[in-house]
Number of protein chains: 2
Amino acid sequence: MVRMATRATSTAEPRPRLSRERVLRAAIAHADAGGLEALTMRTLAEELEVAPMALYRHVANKDDLIDAMIDVVFGEIDLPPAGADWKTAMRRRAISVRDVLSRHRWAIGLMESRRNPGPANLRHHDAVIGRLRAAGFNIEMAAHAYSLLDSYIYGFALTKMNLPFDTSEEVAQVAESMLQPFPVNEYPNLVEFITEHAMKPGYDYGDEFEYGLDLILDGLERDRNAA
Amino acid sequence: MVRMATRATSTAEPRPRLSRERVLRAAIAHADAGGLEALTMRTLAEELEVAPMALYRHVANKDDLIDAMIDVVFGEIDLPPAGADWKTAMRRRAISVRDVLSRHRWAIGLMESRRNPGPANLRHHDAVIGRLRAAGFNIEMAAHAYSLLDSYIYGFALTKMNLPFDTSEEVAQVAESMLQPFPVNEYPNLVEFITEHAMKPGYDYGDEFEYGLDLILDGLERDRNAA
DNA sequence: ACCACACAGCGTACATCGTACGCTCATGAG
DNA sequence: CTCATGAGCGTACGATGTACGCTGTGTGGT
């Protein structure tokens, strides 16, 4: 057989070299599109036009891959801006987290669970704590604030992610199929809530986020001043 | 071979009949002990001294099993008591959710995500909404309150579940192994936070829960009165 | 007391998954 | 040009969910 071109002189597009970067990018895109359970080493390899085992030159195993994916996600979150007052800074960070998580729904529930946090993860936590301390929160209040804010932010993302609808039109369908197996009027408050609120045009559960966020920030401000 | 006793007259303990109840109970115990990923149809069957395929007479498939497990968990949550004022009622429910989730960590993240909610799930939501409405929350405020409370409760459970330690002693170990790959003083605020707060004797992250819960309830009360 | 049947429990088999192990060549340093 | 390195891969194995259809048992009808 004639020796093949060693430097990709032929027209056949030379598949670009694999790299940890490329693997991560493809994995995240895949998970964004189909969820974590759609991400298998085999499908990922196929997408990269590579044999499954080739991936293992760049990630130790699937867990290592996911750890790394999570750290990329952390890297996409805006750190709290340094100039603004603390409430504005925390508000901006919170909204950035929400936005990032809505792009990467599969990451919710994993963000806080990694036993091997990456540098972006640690830098993020460091920056938030630092910002609170600089704003005059003592350590204990900073702990309160961080716990409360992150619980809310991640919890909101978690509950919202799981809502199987986005618009008020979809609500009707989903609600009906959920309630269909049960007797009518078994759950009157739930039904009223759905029909009188969630199904109203323009309803978007996502809008709830800022109400709670501001309530929390106001409460924290009061307590900080009282301390 | 001699015909075996058909009515379990021998001393060999007659394995009790399988039932959906028994399958669910064993599955929950298994998940409580080893997490969801330890729950496989085979190990579950083994625990019940039954062949794997026997389970499928009682659950349609693994997803159906998990749906049912989640509904059992919902059933363990105390509904908001009817007598007390709304804040007390909501507080009691919130703490009950937290307690239940701490018994069933594997359920966190699934509670709000089932597309086929069971009766206990729906009854729970119905009762909470009803209690808020009865306390004078209009529909919109009830939506705010419920969203905020549940986001916080589930978010707290999520972030706490993932913390790989419970006591202040464990913090040191875990923190060191997390930070060990990185240069000293790369994350000064985080280090200060850990050494000056989380490692103090008596520290228990779980104690943060009630601080945030009360802050939220107070904020909701203010807004309800203002409306 | 008998029988027929419904159905609980099961054995076998298969597709899919993560990944251990070690081979093969292409590539870049000398 | 030579040769060591390491990227990419082929094969194979154990785990997992579950489809399919058999078997033997307990039960209700007579």
Side-chain angles (χ1 to χ4, degrees), chain A residues 1-10 12-27 30-31 34-70 106 110 115-116, chain B residues 1-10 12-27 30-31 33-70 106 110 114-116:
Chain A
M1 189 202 197
V2 180
R3 192 154 158 70
M4 289 299 285
T6 60
R7 221 162 341 138
T9 57
S10 85
E13 203 166 318
R15 186 188 43 187
R17 210 43 178 293
L18 217 50
S19 72
R20 193 165 228 261
E21 274 306 300
R22 292 217 316 126
V23 171
L24 281 183
R25 235 189 283 287
H30 210 88
L36 243 207
E37 80 286 351
L39 181 72
T40 74
M41 299 305 273
R42 287 170 217 261
T43 57
L44 179 56
E46 194 172 355
E47 198 159 285
L48 289 163
E49 297 182 284
V50 133
M53 288 314 292
L55 300 173
Y56 287 84
R57 287 275 165 210
H58 304 276
V59 299
N61 51 46
K62 197 175 182 181
D63 248 32
D64 175 46
L65 170 64
I66 291 177
D67 277 341
M69 290 166 68
I70 294 289
W106 52 268
L110 302 180
R115 248 175 245 296
N116 300 59
Chain B
M1 185 200 196
V2 179
R3 191 154 159 71
M4 289 298 287
T6 62
R7 215 142 12 118
T9 57
S10 88
E13 204 165 317
R15 188 186 42 188
R17 209 43 179 295
L18 217 50
S19 73
R20 193 165 228 260
E21 274 306 301
R22 293 218 314 127
V23 171
L24 282 182
R25 235 190 282 290
H30 210 90
L36 243 206
E37 82 284 350
L39 181 72
T40 76
M41 299 307 271
R42 287 172 217 262
T43 58
L44 179 55
E46 194 172 354
E47 199 158 285
L48 290 163
E49 297 182 284
V50 133
M53 288 314 291
L55 300 173
Y56 287 85
R57 288 276 164 207
H58 304 275
V59 300
N61 51 46
K62 197 175 181 180
D63 248 31
D64 175 46
L65 171 64
I66 291 176
D67 277 340
M69 290 166 67
I70 293 289
W106 51 269
L110 303 180
R114 302 287 90 187
R115 249 177 246 295
N116 301 351

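In this text the structure is predicted, and so the values were computed from the model without any measurement.
Atom pair A:Glu49:CD and D:dA7:C1' shows a separation of 17 Å (rounding to whole Å applied). Atom C1' of nucleotide C:dG18 and atom CG of A:Asp63 are separated by 11 Å, given to the nearest angstrom. When rounded to the nearest whole Å, the span between CZ of B:Arg20 and C1' of C:dG9 equals 17 Å.
Ion pairing between a basic and an acidic side chain is recognised when a charged N comes within 4.0 Å of a carboxylate O; B:Arg20 and B:Asp64 show such pairing. Using a 4.0 Å cut-off between a side-chain N of Lys or Arg and a carboxylate O of Asp or Glu, B:Arg25 and B:Glu21 qualify as a salt bridge.
The stretch residues 52-61 of chain A comes close to DNA chain C through A:Met53, A:Tyr56, A:Asn61, each having a heavy atom under 4.0 Å from the strand. Near DNA chain C, meaning a heavy atom under 4.0 Å away, the residues from residues 36-48 of chain A are A:Leu39, A:Thr40, A:Met41, A:Arg42.
The structure places CG of B:Leu24 at 11.5 Å from CD1 of B:Ile66, a figure rounded to the nearest 0.5 Å.
Each of B:Leu110, B:Leu39, B:Val23 was scored for a side-chain contact (heavy atoms from CB on, under 4.5 Å) with B:Met69, with one residue passing: B:Leu39.
Side-chain contact between A:Leu65 and A:Leu55 is absent, with no heavy-atom pair separated by less than 4.5 Å. The shortest distance between side-chain heavy atoms of A:Leu18 and A:His58 falls below 4.5 Å.
What you find for A:His30 and A:Glu47 is that their closest heavy atoms are ND1-OE1, 2.8 Å.
Around the CD atom of B:Glu46, the shell of radius 6.0 Å holds no more than 12 heavy atoms that belong to other residues, nucleotides or ligands.
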